[in-house]
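Letters A, B, ... mirror the listed sequences (proteins, then strands); counts begin at 1. Any value given below was found using the heavy atoms of this structure, including those in side chains, with hydrogens, waters and symmetry copies removed.
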There are 2 protein chains.
Amino acid sequence: MNINATSGLAARPPGRPREFEIEEALDKAIVVFSERGYHAASISELKDAMGLAAGSLYKAFKDKKAIFLAAFDRYKQVRNALLEEELAAGGNGRDKVFRMLRFYAEASHGEHGRRGCLVVGTAIELGVYDAEAAERVNRSMARTEALLDSLIREGQTDGSIPQAVDPATTARLLLSVTQGLRVLGKTGPDRDRALSVVDTAMKLLD
Amino acid sequence: MNINATSGLAARPPGRPREFEIEEALDKAIVVFSERGYHAASISELKDAMGLAAGSLYKAFKDKKAIFLAAFDRYKQVRNALLEEELAAGGNGRDKVFRMLRFYAEASHGEHGRRGCLVVGTAIELGVYDAEAAERVNRSMARTEALLDSLIREGQTDGSIPQAVDPATTARLLLSVTQGLRVLGKTGPDRDRALSVVDTAMKLLD
DNA sequence: TTAATTTGGAAACGATCGTTCCCAAATATG
DNA sequence: CATATTTGGGAACGATCGTTTCCAAATTAA
């Protein structure tokens, strides 16, 4: 029996307490990894950005890849929460699809666009050589595709999207549009151009 | 007066002649850079793949970035030639757009898909921090977008694409579809799924 | 109080990075 | 022929990489 389990509060473990918040540090790491990519982001850059000494970093994480994977998971958690919030404000299925595409378009221009998407960056840089990274990328893509699929079906149920639209193939197309926007956003287009792509894509739901 | 200029043939320069073909070596470098990315591709890997000693490599190229940019330019030259060939076999404008999208879809699955696109990889990994790389990426993207635009207009002229289609915004959407397919192809989808995206995108030209 | 444990932070480690140097070989020029 | 020039190839360089080690500080448990 674990006497600590009687309390809902986690008992403070022995030893000197950590002086930084893991999630705050990961938020800084996300910026470095997104802008620079996995290989170009050095431990030196990471520790500076995260405000930690190398020793502290390696007590919190096994190695560089563990930092990266934790940052990836944190990134997905934050972005999923923001997307969920955006979708909750939506009306019918068609409106939710629009909001979702707009969500990606807004992340694909300006400073945010140049910072880049950690999922896309991971797919490009680590997708082939690292199984753990690839699995996370695939899970993320599959989730996005499934979400688009379900929103299209919701639109067909509420009448905002015609029955003639094929949910599966259309979801796959819209997924590739969102990933493509993220690529273009690294070097390129301004807000209006990103949003015009969304408007054009929505014609597939007419 | 340069007496050598009287001949159309390039006069062999003094010194020991190079024993390898630059373009053949670059074709090997393209594979390494595409699969691994710029930073993960080490000089050691590159020289092994290219079949050269480090010294020879640095006599042919100023530094690692010069190797990369030469490989990028070679990649674009080869891919553009293949695309041009594919388009020359096309019928009307609509068919040419289809062939162009299919050209990207075919490069976005299986071994070729996992190898990846050097333009997409460069945008992600170097787009923000290297001006020369960014300029090449932007030139490539702009060229592709302009080509799609012109093919759509061609289709409107020959009657295969409705006048209601807006060439500029549709070209931009199709560009982002092609870039997205390349991202998905790194970890994912099989041939049929890639081609189904193309079929769905073509509905925008109905 | 004492022992055990964990963190903070800096110094140090071996490995690998991109690059340069050096010398023998191969060619053009005089 | 000798000389200048360029390449091939490998050894060597300093810098930086990711990681480990070490010690003082902070905490829990006994």
Just how far, in rounded Å, is [atom2] of [N] from [atom1] of [X]?
| X | N | atom1 | atom2 | value |
| --- | --- | --- | --- | --- |
| B/Ile67 | C/dT19 | CD1 | C1' | 11 Å |
| B/Lys64 | C/dT20 | NZ | P | 15 Å |
| B/Ile22 | D/dT6 | CD1 | C1' | 13 Å |
| B/Leu57 | C/dT19 | CG | P | 10 Å |
| B/Arg18 | C/dT27 | CZ | C1' | 14 Å |

(Q) Is there a side-chain contact between B/Tyr58 and the phosphate of C/dT19, meaning an N or O under 4.0 Å from OP1 or OP2? (A)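 Yes, B/Tyr58 has a side-chain N/O under 4.0 Å of OP1/OP2 on C/dT19.
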
Taking the six-membered ring of [Y], is NZ or CZ of [X] closer than 6.0 Å to its centre and within 45° of its axis?
| X | Y | result |
| --- | --- | --- |
| A/Arg94 | A/Phe98 | no |
| B/Arg36 | A/Tyr129 | yes |
| A/Arg99 | A/Phe103 | no |

Q. In terms of side-chain geometry, is the basic nitrogen of A/Glu135 or A/Arg139 positioned less than 4.0 Å from the acidic oxygen of its partner?
A.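 Answer for the salt bridge query: yes.
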
Q: May I ask you to say whether B/Lys28 pairs ionically with B/Glu24, meaning some side-chain N is under 4.0 Å from a carboxylate O?
A: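 No, B/Lys28 and B/Glu24 are not salt-bridged.
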
Q: Would you tell me whether A/His112 and A/Glu106 have side-chain atoms, one donor and one acceptor, within less than 3.5 Å of each other?
A: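 No.
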
Q: Just call it for B/Phe61: base, sugar-phosphate, or nothing, with non-hydrogen atoms closer than 4.0 Å on any strand.
A: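 Touches nothing.
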
Would you tabulate the pairs of protein nitrogen or oxygen atoms and nucleotide nitrogen or oxygen atoms of nucleotides 22-25 of chain D closer than 3.5 angstrom?
from   : atom 1 : to      : atom 2 : distance (Å)
D/dA25 : N3     : A/Arg16 : NH1    : 3.3

Q | Where A/Ser150 and A/Leu147 come nearest, the two heavy atoms and their spacing | A |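 In terms of heavy atoms, the two residues are closest at OG-O, 2.9 Å.
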
Q: Indicate the atoms forming the closest heavy-atom contact of B/Leu101 with B/Ala201, along with that distance.
A: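 What the structure gives for the nearest pair is CD1-CB, 4.2 Å.
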
(Q) The side chain of B/Ser56 is closest to which nucleotide in this list: D/dG8, C/dA28, D/dT28? (A)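 Closest nucleotide among those given: D/dG8.
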
Q. Any idea how A/Tyr38 and A/Phe33 line up, ring-wise: parallel (<30°), tilted (30 to 60°), or perpendicular (>60°)?
A.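 Ring orientation, 0 to 90° scale: parallel.
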
Q. For residues 30-54 of chain A, which residues have at least one heavy atom under 4.0 Å from DNA chain D?
A.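 Under 4.0 Å from DNA chain D: A/Ala41, A/Ser42, A/Ile43.
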
